[in-house]
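Source: prediction; values computed, not measured. What you see below is based on every heavy atom in this structure, not just the backbone, and it leaves out hydrogens, waters and symmetry mates. The first residue of the sequence shown is numbered 1, and numbering continues consecutively from there.
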Amino acid sequence: MADFNVKEIQTLKFRIQVIEQLSVAGVVLMVLGWWYSWSDSVGIIFTILIILQIIKWRFRKLLKQKEYLARIVDERTIELRVQRDQIMKESKELSDALEALAEAQDELVRSERLATVGNLTKGLLDRILNPVNYINNFADLNIDLLKQLEKNLKDKEVVMPQELYEDTTEIISMITGNLSKITEHGANTVRIVKAMEELMKDQKAHMVPADINNLCKVNLDVIAKQYQDEIAEHKIRISFERLSLSLMIDMNIEQMSKVLVNLLHNSMYAILKKAAKQNYQPEIRVKLEKQNSSVSIKVYDNGNGIEESIKGKIFEPFFTTKPTSLASGTGLYLSREIVLNHKGTVTVESEKDQFTEVTVTLPIYQNVENNGR
């Protein structure tokens, strides 16, 4: 009921109550006037009582109208609230449907993109890999032959003119260097081709419950063992903030281990690159945080960070800031694909020469139908 209706109705009821009290007082005065023979006063009081009854009748009539209008307003208000609730419910259902449709479209686009890449490259991989392997093998074989030739030539140094010997050894050294470059670039090509093979693999696999604390701890230990010399040399701090209680989440352990190892490799590369330029305290932190129905893995390092101009490219396939001899540029791309296939998200915060923090958020429970358990 509207506030103004309530106030008006209460005012009218109060006025009617006052008139009723005045009427009672008037009747009493009439009785006294009749008893004491106040003839003039009785007539006046009677007239006043009639006027009061007329006013009371009008107030009662107005009160009924106000109460009727108030009831109509209340009924209409309830009806509007019901309609509003229904609209809000339908709006939420529509919003959820649109969100689900957007997720399905994103998933379809990703699948189509991967399928397109797979169809374009599947037939080329073996055709590229086989000749590259031949090139690498023959380059290595020729390097060995040149070493043997250099040894034989050294045995004949005393019978050869000095100038001819020096020219010949220089040519052999140049050929050896060129073959080494061929081997190096051939190895890079093989790594890129194998990365392309990895891109074409189906990243959806069997999900099982696994302890997220143990998963992070095991992969941290793997990285610590691989980089134990660098950790000791640069006094790198590695910390792990686990969840207070064990938490089992649905995941593919092998694939999520790839994601963590890749992120930790990137962090080690960033802090070692920065440590080579300046003296500072390098640090890597892994932290777990639980939300309502998800868990976040935060991998932080205070390395050389990411330039603002390339932040939008870091998840693109074959994009890398590392030398081609060290990386193929598929690590972050594959990591994001794995996380997306786990119905999760990956976000990156970074400041050049200051820090980088990658946050992987995963749902605790997976949809069985969507993940092919």
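- In this view, F315 and L332, R336, V346, V348 satisfy the side-chain contact (heavy atoms from CB on, under 4.5 Å) rule, not counting sequence neighbours.
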Exercise. Test S294 against T361 for side-chain hydrogen bond (donor to acceptor under 3.5 Å, both in side chains), laying out the working first.
Key: CA-CA 7 Å; S294 62; T361 302; 6.0 Å; no
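- A salt bridge is absent between K89 and D85; no separation between the charged side-chain nitrogens and carboxylate oxygens falls under 4.0 Å.
- Side-chain contact between C216 and F240 is present, with heavy atoms from C-beta onward closer than 4.5 Å.
- One finds the CG atom of L362 at 11.5 Å from the OG atom of S293 (value rounded to the nearest 0.5 Å).
- Using modelled atom types and a 3.5 Å distance limit, the side chains of S246 and N213 yield no donor-acceptor pair.
- Under the 3.5 Å distance criterion, with hydrogens and angles disregarded, a donor-acceptor pair is assigned to the side chains of S23 and Q53.
- With sequence neighbours left out, the side-chain contact (heavy atoms from CB on, under 4.5 Å) criterion links E79 to R76, Q83.
- For OH of Y280, the number of neighbouring non-hydrogen atoms (other residues, nucleotides, ligands) closer than 6.0 Å is greater than 12.
- Rounding to the nearest 0.5 Å gives a distance of 8.5 Å between CG of L149 and CD1 of I175.
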Practice problem: Applying side-chain hydrogen bond (donor to acceptor under 3.5 Å, both in side chains), run through Q148 and D144 and close with a yes or a no. | Solution: CA-CA 6 Å; Q148 184 64 40; D144 293 337; over 6 Å; no
Quiz item: Stepwise, does the side chain to side chain contact (heavy atoms under 4.5 Å, CB included) test hold for V259 with V339?
Solution: CA-CA 8 Å; V259 173; V339 173; 4.2 Å; yes
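- Note that CD1 of I9 and NZ of K64 are 13.5 Å apart. Values are rounded to the nearest 0.5 Å.
- For the pair I231/M268, a side-chain contact is recorded, criterion being any heavy-atom separation below 4.5 Å from C-beta on.
- The one candidate from R60, R15, K13 that meets the salt bridge (charged side-chain N to carboxylate O under 4.0 Å, His left out) condition with E20 is R60.
- Here the side chains of H234 and L272 are in contact, with some heavy-atom distance below 4.5 Å.
- Side chain of T77 to main chain of V73: a donor-acceptor pair is present (N/O by atom type, distance under 3.5 Å, no hydrogens or angles).
- More than 12 heavy atoms of other residues, nucleotides or ligands lie within 6.0 Å of CD in E90, so this atom counts as buried by the packing criterion.
- Annotation for M256 and I338: closest pair SD-CG2, 4.0 Å, computed over non-hydrogen atoms.
- Across all their heavy atoms, I236 and E230 have their closest contact at CD1-O, 3.9 Å.
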Practice problem: Please report the C-alpha distance between D301 and T356 in whole Å, then the side-chain angles of each, then the deciding distance to 0.1 Å, and finally whether the side-chain hydrogen bond (donor to acceptor under 3.5 Å, both in side chains) criterion is met. | Solution: CA-CA 6 Å; D301 69 76; T356 297; 4.5 Å; no
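- The two residues I212 and I297 come nearest to each other via the heavy atoms CD1-CD1, 3.7 Å.
- Considering all non-hydrogen atoms of both residues, L179 and L146 come closest at CD1-CD1, 3.6 Å.
- Shown here for A139 and T183, the closest heavy-atom pair between the two residues is CB-OG1, 3.4 Å.
- Of the N and O atoms on the side chains of H265 and Q226, at least one donor lies less than 3.5 Å from an acceptor on the other residue.
- Applying the salt bridge (charged side-chain N to carboxylate O under 4.0 Å, His left out) rule to pairs touching residues 281-292 yields E283-R285, K287-E289, sequence neighbours excluded.
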Quiz prompt | Worked verdict on Q291 versus S296 for side-chain hydrogen bond (donor to acceptor under 3.5 Å, both in side chains) | solution = CA-CA 8 Å; Q291 291 79 40; S296 294; 3.2 Å; yes
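- Taking each heavy atom of S350 and K311 in turn, the nearest pair found is O-NZ, 2.7 Å.
- Counting heavy atoms from C-beta outward, Q21 and Q17 have side chains that approach closer than 4.5 Å.
- Between L263 and V360 there is a side-chain heavy-atom pair separated by less than 4.5 Å.
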